Structures are given as C-alpha cells and as structure tokens.
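Step one of this worksheet: look at the structure below.
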Number of protein chains: 2
Amino acid sequence: MSGTHIGVPSVLAHELPRPVPLDELAHCPVGDVFRRLGDRWSLLLLSLLGTRPHRYNELHRSVEGISQRMLTRTLRSLENDGLVRRQVYPTVPPSVEYSLTPLGGTLLEPLSALADWAVLHAGEMDAARAQHTD
Amino acid sequence: MSGTHIGVPSVLAHELPRPVPLDELAHCPVGDVFRRLGDRWSLLLLSLLGTRPHRYNELHRSVEGISQRMLTRTLRSLENDGLVRRQVYPTVPPSVEYSLTPLGGTLLEPLSALADWAVLHAGEMDAARAQHTD
DNA sequence: CGGAATCCAATGTGATACTG
DNA sequence: CAGTATCACATTGGATTCCG
C-alpha cells in the first residue's frame, strides 16, 4: 500500500521535516472525516457523549437549540460511522442510551484539545468579530 | 470573573478530578466555537492554511468540491473571527494571499490532532459505514 | 486573478404534530 | 420516553455572468 494519501500523523505539524504534498489534504482521509464531523452538531454531541453516556431527551435538553430531527439524524449518522453506540433498554417506558464506541473514544482526545482551545480563545474570537462589526 | 462557564482546559478529560457540570458544555464557549467551526469547509480550510499561506484560486483548486461562493464566504467568516488574514498585493494581476493569524495559528495544534486522528481511523469509519449499508 | 451578483437546485434545519 | 412524519424555511452548492 504505497501512499495514495499522506502516510503518517502530524501532517499538520508546524515544523515539517520535509514538505509534504499538503495540497492533497483535501483528497486524503482528512477531507472525508472533516466533512463528516463538519456539521453543526456532531462535534458537540461527541463531546457531550465523551463525558458520559446520555439518554435521548437528556441530549435534547443539554444541547439546546437542536431539534429532535437533527438530534436523531446526527446520532444516526454518528452511529453509522461507528462512533456512537445506541443501546436500547426494553423497559417501560423505553429508555435509550447513547455512548461512544471504542472508536469514538479515541476521537475524544483530539476533540478535547479542540474544546480546550475553545475555552481559552473564545474571547479573542469574540473580540475579533466585534471589530468587524459582526 | 467567577465561572460562568467551565473554568479550565481539559474539560473533556476522561478522568475528571470532580464531576464538572458538563451539561452546560453547550452553553459555554465550546458550543459557540464548535458551531462556528462546525461547517463543511472551515476545518479543512484552516488545516490547509496551516501548512502555508495560499492564494484564492490555489485554495479553490486544493479543496475541490467547494464553490467560489462558499470559499469566499467561509474565508470571510474565518477572517471575521480573527483566524485568517487576507493580504492583498496590489500587483497586476492582483494577488491575494490567505494565511492564519496568530490566533488561527494556535488553533492549528488541536486541528492537527484531529487530522492525525482522521488519518489513523478513517479506515475504521469506512468499515463501520460499510456494515450499516451506507 | 480574485472576486461579486444572480438564479436555481439540493440539502440542511426547525417547529409542530403525532405515535408505539 | 424516544422517536417519526410533515411542512416551511434557511443555508448551501453549482453554474453562469460580470467586473476591476
């Protein structure tokens, strides 16, 4: 399997040992994954599920702003991608628990890094936006 | 400034020293930032710009799939958020260079982590999706 | 070259109502 | 409780045209 895409991690490292053909970044898995995760809710839902399993309505309340439709759709999509597990407990009334799969768990670390960045730099983004009269 | 939001980084760390009110994750800056970056192109464009500055048509070719409209809109949005700088060189024909601002540069590390994850685990996602007849 | 403007189609998103 | 169904609206994407 010679490289049809960038071969190894740290493709975006600041100091690259050698110039990697990054123009192909959009063609390699990175583009795919970013496109799947690049919607309004996926990142947030994954983060939430990363803290602990959640039930459906619990997510619905926590995310706030998401519609039932998009909550269901996004969860199904993430489930489809093997990142989220949907566990149905046949109680009455029914209870459904969503949690990260092992694969989803591995995504939690990079996601945490992004969340940490958000906490640290959200203010600067707000300030920048204020300047642009947004 | 007592915590109106989660106070410190690593909010999503697997082993939390104490139970943080993560239900408020959607209300804290994380939700905002994830929402801004959570679109089809922002993550990819930032990653691309993280490798080196790019010109407009260069981005248009590299991202492949993006329309002029969305490329311009997304770049403006990122510029507005203080993540991307637009530098016009009054040559003839005109040349415009997009690059990361210092703030945008700080985002590059978490973004790299995500890109690395993508390279490592894209195959597993594909496999999962295949099982679900997607 | 680097856009902006316009039109149009496709998809995303949300509110509401309804169901097992 | 955990969704589905339906409709209405917003956003996105593509293609084309035009401009400095």
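Letters go in sequence order (proteins before strands), and every chain restarts at 1. What you see is a predicted model; the values in this text were computed from it and never measured.
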Exercise for review: Output yes when at least one side-chain N/O atom of W41(A) is less than 4.0 Å from OP1 or OP2 of dG14(C), else no.
Suggested key: yes

**Study point:** Interatomic distance, R61(A) CZ vs dG3(D) P [rounded to whole Å]
**Key:** 14 Å

Review point. Are any side-chain N or O atoms of S42(A) and backbone N or O atoms of D39(A), one a donor and one an acceptor, separated by less than 3.5 Å?
Key: no

Exercise for review: Starting at atom CZ of R69(B), determine the distance to atom P of dA15(D), rounded to an integer number of angstrom.
Suggested key: 13 Å

Check your understanding: Taking the side chain of P94(A) as heavy atoms from C-beta outward, which of dC1(D), dG3(D), dG14(C) is closest to it?
Key -> dC1(D)

Practice item. Let me know the distance between CZ of R73(A) and P of dG3(D), rounded to the nearest Å. Key: 15 Å

Practice item. Would you indicate, yes or no, if dA2(D) has its OP1 or OP2 atom less than 4.0 angstrom from a side-chain nitrogen or oxygen of R86(A)? Key: no

Check your understanding: In whole Å, what is the span from the CZ atom of R35(B) to the C1' atom of dT11(D)?
Key -> 12 Å

Review point. For H121(B), which of V33(A), L107(A), L103(A) qualifies under side-chain contact (heavy atoms from CB on, under 4.5 Å)?
Key: L103(A)

Practice item. Check whether any side-chain nitrogen or oxygen of Y56(B) sits under 4.0 Å from OP1 or OP2 of dA4(C), and answer yes or no. Key: no

Review point. Looking at the side chain of M70(A), which of dA15(D), dG3(C), dG14(C) is the nearest nucleotide?
Key: dG14(C)

Revision key, fill the gap. H60(B) NE2 to dT16(D) C1', in whole Å, measures 13 Å

Review point. Reckon R40(A) has a side-chain N or O less than 4.0 Å from the OP1 or OP2 of dG12(C)?
Key: no

Review point. Within the modelled atom types, does a donor on one side and an acceptor on the other bring the side chain of Q68(B) and the base of dA4(C) under 3.5 Å apart?
Key: yes

Review point. Within the structure, does a side-chain N or O atom of Y98(B) lie under 4.0 Å from either OP1 or OP2 of dG3(C)?
Key: yes

Check your understanding: When you check the gap from the basic side-chain N to the acidic O, do E58(B) and R52(B) get nearer than 4.0 Å?
Key -> yes

Exercise for review: Verify the contact: side-chain N or O of R55(B) to OP1 or OP2 of dC1(C), cut-off strictly under 4.0 Å; return yes or no.
Suggested key: no

Practice item. Using atom CG of D39(B) as one end and atom C1' of dT11(C) as the other, report the distance to the nearest whole Å. Key: 15 Å

